[in-house]
Each structure stands twice: as structure tokens, then as C-alpha cells.
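Read through the structure below, which is laid out as C-alpha cells, and then see the notes.
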Amino acid sequence: MLFRSNHLTPIDQNCDCNTLAPQFGFAWRKPGIGVIRAAYGLFFGDIYYQTQQQGRWIPPNFLKVEAQAPPSLFTPLQNTYLGSDARHTRFDVPPNLQSPYSHQYSFSWEPDLSKRWGLQLGYIGVRTHKLFMMWFDNRAVQIPGIPQTTATITQRRPDPRYYELRQVMNSTNAYFDAARVTFKVTSWHGLTGESSYWFSKAIDTGSTYTNMAAGDEARQGYAQSQYDVAGDLKGPSAFDQSHAFMTRFQYSLPKVRWGGRLMGGIANGWSLTGVYLAKTGLPFTVISGSDGPGAGNVDGSNGDRPNILDPSILGRSINNPDTSRQMLPRSAFGFISPTQLRGSIGANTFRRGGIRNMNASLARSWAFHSDWRATL
């Protein structure tokens, strides 16, 4: 198939016609054991228009100008050549892109315990392959005899005709496992509710399930170096929250049997409901913030990380801006030298503060007519 973006950019895309997606499941009940459920499915994603439209950045319809170490900040483009054969960043959307796919499987058991309360044990697993990611090549490399400075980035690129060479690839895998325990109260002295606890782990090698390799999402796969990208980016996914607990309830307050009809009409019929949620904070990555000598590897791309000097801080959760400098002190990190490909600290090594959220209500409803009700 041949598409055109704005009738200007041809996009050649082969047919991914082998997307067979079997699904099956079963539920089995046996007295004394309970209900057992299990399921498996193979699911395919899409090749998005946003992914294909990366081709619109290819010259001559688009030209990116990059001035390394300009002679003056007031006239950075003074000596820049802007002709049709000027150096540019090249994008590539290959015709052999394939649809990402996921193996999803689940298992749950609800034992026969009581009519008033119940227990559910469950597990779900996901294995996803061929996720989209933008691959950033043609970064400046180390060349003997050429100093590792910002001014020599162009000279040290493998192909000096281009800046970065960016290619959309099916290059990332993602893994998700979660176990859940749920306790339910169906009816006990006016109380109903349930409480659940999840323990889960989400890991990927560079991009999450929603990556379209376009816009800001293209930067998800920005490794420190163009070598061993999967090893450099492997870590907890951006949405990973290892622990989660939720409880919700509704309690009908006991009836007042004194004070007559008026007091009963005011005091009776009230219910107390609530939902409480607690979750682990989302992970984040510490970066050096500069690609310059003394802070990064000077390959022409940002995203470098520092070396870790104090391993005791790894895994900390930063939940208060006022104490963040104490939790992640400057002395615990060290900038990499220009000859180092990457810093030693991993991706998504730290976490933001967790979620603690409580919502509750005390409510009473009155019926004035078959079609009219008021709730306080």
C-alpha cells in the first residue's frame, strides 16, 4: 500500500496479513472447591497514522537546522547553509513494520466459603512483543586524534551528511505480571463492601504499550548511547506501581426506634459509604541534563545519566519537594566523562510519592413522588 501525507510524502507500507488472534477461556464450578476461571488471548495492536506520518519530516519538505557551538548566540545561523542539499535529520518509516502483539492470560479462584463473605484469588500476565520505538542512530563516536568536544560532533558522526538518523522499529518488549487478593462482604449487619490488594510488576526495554514512535512518545526510547539500547533502557515501565490497596464499603446506619414518627423520618435511612485507595508512586529517571564535556558523552544527543556514587539511595521515593535534595543529594552522583558511553545509574530507578486517597459520604434520600427524590 502507498499512502501520501498531505499529498506530498509517499509512505510505502506492506500488508501485515498474518494477525491470527485466537482466544479461549473457561469457568468451572465444583461444590466444596468453588469457581475456577482461566483465559488466554492473543491480541494485536495497530500501525497508527501518527507513526506513518513521521515521513513528513523528510526533506525537501522539511529542514532542521542545528548549530553546534555557534560563533555568536545573537546570530547563531549567520554562516549556516540552507540549500536543498543541506545536512538534515533523516526519518525512516520502513515498509516492513508489523503490528505489535500481546499474549494475555489470567487465572482466578473463588472458593466456597460463606454466603455473607467471599474470597477471590487472581493472576494476570501479559507478554508483549514488537512494540514501536524510534531508533536514534548516527550519533557522534570516539575517533582517535579528534578531541571529544561539542565543536567536533559533526566531524565525529559516522555519516557527516546527516544529523541523527531516526527509524521507526518493532524493537521493544514489555512484560506485566499481577496477583490480586480480594475479600468481599456481601451482607453483615448492614455492611457491604470489598477490599483488594495487588502486587504487580511492569517491565519494558524502551517503550510502553501506548508508544506510537511519534511526537513526545518518540523520546521514550532515547538511550544514552546508540549501542545496547535495550540493555540501557530496560527497567520498570513508566506506569509501574508495585503495590496497590483499595477498600470500598457501604454501611446502613441502624434504625432509630425512639422519638416517634418525626424523629424516625429524620434519623432513619442514612448510609455511610467510602472508598480508600493507596498505590506505590510512579518511577522516574535521573539524567545529567547536559551532553557537554564534563557532564555527558558528547555524542550530540541528550538523555545521559550520571554515575551512581552512593548505592544506598537507589529505590528511594521522593514525596516532598522540601526534602528532595536531602533524599537525592548531589554527592551521591557523579558526571560521566566524554569517553564514557553511559552513566551507571539505571532507567526509572527512583519513585515519586505514592497515592493515598480517601473519599466518603453520609447520605439520606427522601421520596416525594414516584418520579421525585431528594438526596442530602
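Because the structure is a prediction, the values reported are computed rather than measured.
Ring orientation note: the planes of Y209 and F239 are tilted relative to one another, at an angle of 30° to 60°. Using cut-offs of 30° and 60° for the angle between ring planes, the Y175 and H129 rings count as perpendicular. The aromatic rings of Y40 and F24 lie tilted to each other, with the angle between the two planes from 30° to 60°. Using cut-offs of 30° and 60° for the angle between ring planes, the Y276 and F245 rings count as tilted.
Residues S337 and T339 bring a donor and an acceptor atom of their side chains to less than 3.5 Å of each other. Y123 and S106 share no side-chain donor-acceptor pair at under 3.5 Å. For the residue pair T273 / S361, a side-chain donor-acceptor distance below 3.5 Å is found, with atom types taken as modelled. Side chains of H243 and Y197: a donor-acceptor N/O pair is present below 3.5 angstrom, by distance only. Using modelled atom types, one finds a donor on one side chain and an acceptor on the other under 3.5 Å when comparing S312 with D310. Side-chain atoms of Q120 and R180 include a donor-acceptor pair closer than 3.5 Å.
When each of V229, D92, V168 is checked for a side chain to side chain contact (heavy atoms under 4.5 Å, CB included) with W135, only V229 meets the rule. Under the side chain to side chain contact (heavy atoms under 4.5 Å, CB included) rule, K130 has a single partner from N173, N170, T172, L97, which is N170.
Going from atom CG of D304 over to atom CD1 of I287 covers 9.0 Å, rounded to the nearest 0.5 Å. In this structure, CG on D299 lies 8.5 Å from CD on E164, to the nearest 0.5 angstrom.
Distance alone, capped at 3.5 Å, places no donor-acceptor pair between the R37 side chain and the G25 backbone. Between the side chain of N297 and the backbone N or O of L341 there is at least one donor-acceptor pair closer than 3.5 Å. Using modelled atom types, one side-chain atom of E217 and one backbone atom of M212 make a donor-acceptor pair closer than 3.5 Å. Formation of a donor-acceptor pair under 3.5 Å by the N211 side chain with backbone atoms of M133 is not found in this model. A donor-acceptor pair under 3.5 Å is formed between the side chain of N138 and the backbone N or O of Y162. Checked by atom type and distance alone, the side chain of S102 never pairs as donor or acceptor with a backbone atom of Q104 at under 3.5 Å. Using modelled atom types, no side-chain atom of R351 and backbone atom of L282 make a donor-acceptor pair closer than 3.5 Å. In terms of modelled atom types and a separation under 3.5 Å, the side chain of R316 and the main chain of M327 share a donor-acceptor contact.
When all heavy atoms of A238 and P283 are compared, the pair lying nearest together is O-CD, 3.7 Å.
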> Run the salt bridge (charged side-chain N to carboxylate O under 4.0 Å, His left out) check on K201 and D177 step by step: do they pass?
Replying inline: CA-CA 5 Å; K201 194 68 177 179; D177 294 278; over 6 Å; no
> When you look at S242 and T280, which way does the side-chain hydrogen bond (donor to acceptor under 3.5 Å, both in side chains) test go after all the steps?
Replying inline: CA-CA 6 Å; S242 302; T280 305; 5.2 Å; no
>> Evaluate I153 against Y163 for side-chain contact (heavy atoms from CB on, under 4.5 Å), listing each step before the verdict.
In response: CA-CA 9 Å; I153 286 178; Y163 294 112; over 6 Å; no
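The aromatic ring centres of Y101 and F43 sit 6.0 Å or more apart.
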